[in-house]
Amino acid sequence: MSVPTDAEECTYCGSDLSFCEPVFVAETADGEHVPAGGFCNYACLSAHIEQAELVYGASCTVEP
Ligand SMILES: [Zn+2]
């Protein structure tokens with residue numbers, strides 16, 4: 001059923017970005033730029049960033 005495609009999928013919701021004007025972003029992790037993927041709209045981008053910040057926030061509070 002699945003047909004291989006060059007189309008990107010939204011990193012957050014998995015929508016086909018070929019239907020949209022995708023937003024591609026890169027994040028910075030440990031001083032390195034990391035491709036964070038593409039998003040079908042800014043709502044998905046915002047939601048993804050919120051989740052990512054939650055993860056980063058948790059990882060920044062490491063007890064010795
Ligand atoms: Zn999306």
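Counting convention: from 1, in listed order, for ligands and their atoms alike. Note that the structure is a prediction, hence the values are computed from the model and not measured.
Listed by chain and residue number, the protein N/O/S atoms under 2.8 Å of the Zn ion (ligand 1) are C10 SG, C13 SG, C40 SG, C44 SG, with waters left out.
Considering all non-hydrogen atoms of both residues, C44 and C40 come closest at SG-SG, 3.6 Å. Considering all non-hydrogen atoms of both residues, L17 and F39 come closest at CD2-C, 3.5 Å. The minimum heavy-atom distance linking T11 with H48 is given by the pair CG2-CE1, 4.1 Å. The heavy-atom pair separating G38 from F24 by the smallest distance is CA-CD2, 3.5 Å.
Taking OG from S15 and CD from E8, the interatomic distance works out to 13.5 Å, rounded to the nearest 0.5 Å. Atoms OH and CD1, from Y42 and I49 in turn, are 10.0 Å apart once rounded to the nearest 0.5 Å.
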